[in-house]
Amino acid sequence: MSTTVSGQSGTWRNWAGNVTARPVREVTPASVEELSAAVRKAAEDGLTVKAVGTGHSFTAAAATDGVLIRPQLLTGIRAIDRAAGTVTVEAGTPLKRLNVALAREGLSLTNMGDIMEQTVSGATSTGTHGTGRESASIAAQIKGLELVTADGSVLSCTEKENPDVFAAARLGIGALGVITAITFAVEPIFLLTAREEPMPFERVLAEFDELWAENEHFEFYWFPHTGNTNTKRNNRSAGPEKPVGQLSGWFEDEFLSNGVFQVANWVGRAVPTTVPAIARISSRALSARTYTDIPYKVFTSPRRVRFVEMEYAVPREALTQTLRELKVMVDRSDLRVSFPVEVRTAPADDIALSTASGRDSAYVAVHMFRGTPYQAYFTAAERIFTAHEGRPHWGKVHTRDAEYLAGAYPRFGEFTALRDRLDPDRRFGNDYLRRVLGS
Ligand SMILES: Cc1cc2nc3c(=O)[nH]c(=O)nc-3n(C[C@H](O)[C@H](O)[C@H](O)COP(=O)(O)OP(=O)(O)OC[C@H]3O[C@@H](n4cnc5c(N)ncnc54)[C@H](O)[C@@H]3O)c2cc1C
């Protein structure tokens, strides 16, 4: 949890360093009762409340000038129900701890994102997702939730118990209450074979529908200023396990993706004209490889080079056109983009504020090295994404407001009506929620 620095200065900072906040006070509750008491005390003092995870959001979703609730003492597994195929975890549990504990029990989540540093509740609250043909975001794997609401009471919800709350609170951007525990669907652990392979941009676009249809998890990275991509196909496998070799894994994952990439970005930031050449070299540095391992070791990897990110979900059928427009925009501009554009997919789900709510989706994520001006690139990219009815990731940089989002999400009104009922005084409000959900 070292990424959310809140030192003696009292300033909280997110992972990317682009958001800071100065809470009036911080609380680290060790039980649901202590958390309820903290919410009631904040109400008595007329303060707002915000639970924070590991600060991996690029938006100010977790920022507060009221009471900051830290997750460190609300961690661990509460129960595993093998018959039901579920695990119940405390809300502050980091995903990496959950993944390791599940693997020890011979269990796994079905799908996950690129990293596993986040807390379970922080990750699900903004709709953190990986890539999948049938399997959706982490929030879509939730079977039950427990949350402390604005009056300090504890509310449980599942498909059967408080179903209206369940429909919305799986992805609540912290607006409905403080989550204290989450029950996830789990399955017996399985093996995935990953095939990573460089491929020309034009070929990936021409074959995108087949690549998506033929693979359980397809994603690719396009390197701006080049016609090169690196593709990744993950499919279930009968084995045997064939992990990435220690040395080659270190070389590709640590040295090329983190160490050399960091240096390349320093050079690019200092001398921007070198960026296209660096992009050409970076895009060729990674070679094809195939390995087979348990899910979290295939889905996730360390991300040590810090960046700022914007990501939009567009209808899946709009993906190739969106990418073509993005490439033309970069090619015609003076922009120097040293980070690849990441492309993933998700099937439609039934969560009110999910970026894939009711719609088969493709995600396009643009990144900039931390400390490099990103506004011009993100503004131009956002113009393209919104022209394709894009929905921004709640935890990644965007400029959309409630008016736009109400049009982008058919069930937006359902969410805000529930918010009015559960939190009429906006105990869990902050500037970000005022912008994206309305006052
Ligand atoms: C390096 C990196 C890689 C990433 N990879 C991916 C990826 O592959 N896919 C993807 O979709 N996203 C990705 N993200 C985004 C990230 O997963 C989300 O922003 C996520 O929300 C961060 O989780 P967190 O624990 O840090 O929560 P925070 O950022 O601290 O908080 C996020 C939100 O959750 C709320 N929250 C936290 N705890 C609670 C609680 N107990 N009850 C109620 N609300 C709560 C906060 O108030 C806030 O609104 C990445 C981010 C980084 C920095």
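Each ligand, and each atom within it, is numbered from 1 in the order the structure gives.
At a cut-off of 3.5 Å, with distance as the only test, a side-chain donor of R195 or T290 sits close to an acceptor on the other residue. Side-chain contact annotation: R434 with S439, donor-acceptor N/O pair under 3.5 Å absent.
Within the structure, the closest approach of Y363 to ligand 1 does not fall below 4.0 Å when heavy atoms are considered. Contact between K396 and ligand 1 is present, with at least one heavy atom of the residue lying under 4.0 Å from the ligand. Distances shorter than 4.0 angstrom do not occur between any heavy atom of R306 and any atom of ligand 1. Residue contacts with ligand 1: G177 is included, with a non-hydrogen atom under 4.0 Å away.
Aromatic pair H388/Y312: ring centres not closer than 6.0 Å. Aromatic ring centres of F220 and F201: separated by at least 6.0 Å.
Within the 4.0 Å heavy-atom criterion, neither part of W394 lies near ligand 1. At a heavy-atom distance under 4.0 Å, no atom of R70 approaches ligand 1. The proximity of A51 to ligand 1, defined as any non-hydrogen pair under 4.0 Å, involves the side chain as well as the backbone. Contacts with ligand 1 closer than 4.0 Å are made by no heavy atom of Y432, backbone or side chain. Contact annotation for H393 and ligand 1: only side-chain heavy atoms (C-beta onward) come within less than 4.0 Å of the ligand.
Looking at F307 next to ligand 1, no N or O pair under 3.5 Å apart turns up.
Environment of CD in E389: sparse, with no more than 12 heavy atoms of neighbouring residues, nucleotides or ligands closer than 6.0 Å.
Listed by number with element, the atoms of ligand 1 under 4.0 Å from a non-hydrogen atom of S121 are 38 (N), 39 (C), 40 (C), 41 (N). Near Q118, the atoms of ligand 1 lying under 4.0 angstrom from a non-hydrogen atom of the residue are 16 (C), 17 (O), 22 (C), 23 (O), 24 (P), 25 (O).
In this structure, D349 does not pair ionically with R170, as no charged nitrogen and carboxylate oxygen lie closer than 4.0 Å. Note on R25 versus D45: salt bridge recorded, some NZ/NE/NH1/NH2 to OD/OE distance being below 4.0 Å.
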